[in-house]
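Worksheet: one structure, shown below.
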Amino acid sequence: MRNPKVVAEAGKEPLLRPAALARRHLLSLHDLTPSEIEYLLTLAQRVKAAPDHHKHALEGKTLAMLFEKPSLRTRVTFEVGMGQLGGQVLYLGPQEVGLGQREAVKDVARNLSRWVDAVVARVFSHQTVLELAEHASIPVINGLSDFEHPCQALGDYLTLLEHKGRLEGTTLAWVGDGNNVAHSLMYGAARLGVRMRIATPAGYEPDRSALAEARREGGAIELTHDPAQAVAGADAVYTDVWTSMGQEDEAETREQVFRPYQVNARLMLAAGPQALFMHCSPAHRGQEVTDDVMDAPSSLVCDQAENRLHIQKAILLALLS
Ligand code: CP
Ligand code: NVA
């Protein structure tokens with residue numbers, strides 16, 4: 001067993017870190033076991049309840065943030081989170097590094113491994129984050145690729161857990177593009193016993209092999225092209241932008257194709273009064289979601305954004321302390 005770590009807090013059951021989490025990469029929710037995900041969710045709840053408890057945990061550690069794309073939530077929450085744990089961060093935007101252009105991805109990985117303790121990478125191609133991980137001797141965390149957004153999905157399951165009191169047996173409806181966020185939620189759903197109903201236009205379904213994998217691992221995941229069918233009776237209705245970063249050339253076509261998939265008051269009515277609304281943000285108001293749904297009391301978007309902070313801190317503690 002590598003480096004078992006007990007997080008003990010006054011009045012709480014000690015929380016034993018699954019040994020395999022220490023010093024590992026976090027590239028995909030597919031790589032985590034159900035108990036590792038449950039550990040991260042529990043640790044995030046504890047960190048949220050007692051933020052001061054871990055304020056020296058990562059003293060002397062440095063996190064590099066290697067970003068090929070813009071970000072608000074991921075950047076701010078990793079930076080603030082690392083600071084609250086006593087560590088420091090270094091932001092490296094596209095102008096600084098030129099990943100794979102100014103320098104080979106493997107050379108960037110090898111150099112960073114000599115200076116810092118972990119890397120959060122936000123990349124266009126999932127292959128880039130895999131290549132960074134292959135050549136880095138420090139943990140690499142996927143801060144969004146074109147295929148997955150695992151930190152987002154972990155934060156979202158924390159949010160759903162807080163609002164529903166449980167995850168197993170809940171139903172999450174996904175409406176829109178079968179994209180990176182959908183893939184990570186699918187992998188998480190399979191591990192947490194969440195049922196997913198996914199409504200996409202034809203041709204925009206989630207990746208076929210990701211879907212097959214999630215189903216093979218027990219995921220109850222239904223696909224449909226009918227948003228009303230997907231949302232009926234769901235605990236939460238989740239949508240995301242129709243055009244993800246890197247797909248800007250397709251924006252015009254996508255605006256036409258996705259129009260019937262807008263989450264508006266009519267669709268939330270079809271979902272039922274129990275349905276919460278979720279969006280990873282940034283949201284394009286008036287496209288995939290209307291103002292009234294974004295701003296309704298049933299909207300969890302700000303809680304989702306806040307929980308990114310708590311889950312990032314749990315991830316950093318699990319991988320680095
Ligand atoms: N949800 C999310 O990852 O937001 P950013 O793109 O602003 O980081
Ligand atoms: N699917 C979106 C998520 C942004 C957080 C994108 O990749 O742009």
Side-chain angles (χ1 to χ4, degrees), residues 26-29 44 63-82 89 91-94 119-129 141-160 172 174-188 196 198-201 204-207 210 236 238-251 254-255 257-258 261-263 277-285 287-289 294 299-316:
L26 203 175
L27 307 178
S28 164
L29 278 204
L63 175 71
M65 314 223 339
L66 190 55
F67 277 35
E68 290 187 315
K69 296 171 174 175
S71 168
L72 174 67
R73 280 145 291 272
T74 307
R75 178 175 176 181
V76 172
T77 54
F78 269 113
E79 288 205 20
V80 171
M82 194 66 184
V89 293
Y91 175 78
L92 301 164
V119 179
V120 179
R122 169 165 286 205
V123 295
F124 284 100
S125 163
H126 191 66
Q127 197 50 42
T128 305
V129 82
I141 300 167
N142 181 357
L144 181 147
S145 68
D146 60 353
F147 197 68
E148 273 214 56
H149 198 359
C151 303
Q152 178 70 49
L154 287 169
D156 292 340
Y157 283 123
L158 175 62
T159 306
L160 198 57
L172 178 62
W174 175 273
V175 179
D177 192 15
N179 65 12
N180 45 5
V181 177
H183 292 156
S184 294
L185 287 170
M186 259 170 28
Y187 286 134
M196 264 187 100
I198 301 179
T200 70
Y204 293 88
E205 295 86 357
D207 177 78
Y238 199 128
T239 192
D240 186 11
V241 291
W242 293 336
T243 301
S244 284
M245 292 178 278
Q247 299 173 327
E248 289 76 9
D249 290 355
E250 302 170 30
R254 284 173 170 267
E255 257 192 61
V257 173
F258 282 96
Y261 292 80
Q262 183 183 68
V263 179
F277 172 70
M278 299 180 79
H279 194 310
C280 55
S281 298
H284 293 162
R285 289 167 178 260
Q287 292 196 10
E288 77 275 3
V289 59
M294 266 301 273
S299 170
L300 304 186
V301 291
C302 289
D303 289 352
Q304 289 177 265
E306 180 189 331
N307 280 337
R308 294 294 304 279
L309 174 65
H310 308 301
I311 201 76
Q312 307 320 19
K313 287 169 75 177
I315 292 167
L316 292 167

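For ligands, and for the atoms within them, numbers begin at 1 and follow the listed sequence.
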- [ ] Using heavy-atom distances, let me know which of V241, D146, D240, L72 sits nearest atom 1 (N) of ligand 2.
- [x] D240
Task: Residues in salt bridge (Lys or Arg N to Asp or Glu O under 4.0 Å) contact with D177, at least two apart in sequence or another chain - done: R254
Open item on the list: Checking S28 against E148: is there a side-chain donor and acceptor pair closer than 3.5 Å?
Closed with: yes
Open item on the list: Suppose I only count heavy atoms of L144 and a 4.0 Å limit; which atoms of ligand 2 are within that range?
Closed with: 3 (C), 4 (C), 5 (C), 7 (O)
Task: N/O separation below 3.5 Å, N180 to ligand 2 - done: yes
TODO: Using salt bridge (Lys or Arg N to Asp or Glu O under 4.0 Å) as the criterion, list what pairs up with E79, not counting sequence neighbours.
DONE: R75
Open item on the list: Geometry only, no angles: is K69 polar-contacting ligand 2 at N/O separations under 3.5 Å?
Closed with: no
Task: N307-T159 side chain donor-acceptor pair, cut-off 3.5 Å - done: yes
Task: Flag side-chain contact, heavy atom, 4.5 Å: S244 against N180 - done: yes
Open item on the list: Is the distance between the ring centroids of Y261 and Y204 under 6.0 Å?
Closed with: no
TODO: Check each protein residue for a heavy atom under 4.0 Å from ligand 1 and list those that pass, ordered by chain and number.
DONE: S71, L72, R73, T74, R122, H149, Q152, C280, S281, R308
Open item on the list: Heavy-atom distances under 4.0 Å decide this one: backbone, side chain, both or neither, for D177 against ligand 2?
Closed with: neither
Open item on the list: Check the orientation of F67 and Y91. Use parallel for under 30°, tilted for 30 to 60°, and perpendicular for over 60°.
Closed with: perpendicular
Open item on the list: Yes or no: does S281 have any heavy atom under 4.0 Å from an atom of ligand 2?
Closed with: yes
Task: Qualifying residues under ring-ring contact (aromatic ring centres under 6.0 Å, His included), relative to Y187, sequence neighbours excluded - done: H30
Task: Protein contact of atom 8 (O) of ligand 2 - nearest heavy atom, named by residue and atom, plus distance - done: M245 N, 2.8 Å
- [ ] Examine H279 together with Y238 and report whether their ring centres are nearer than 6.0 Å.
- [x] no
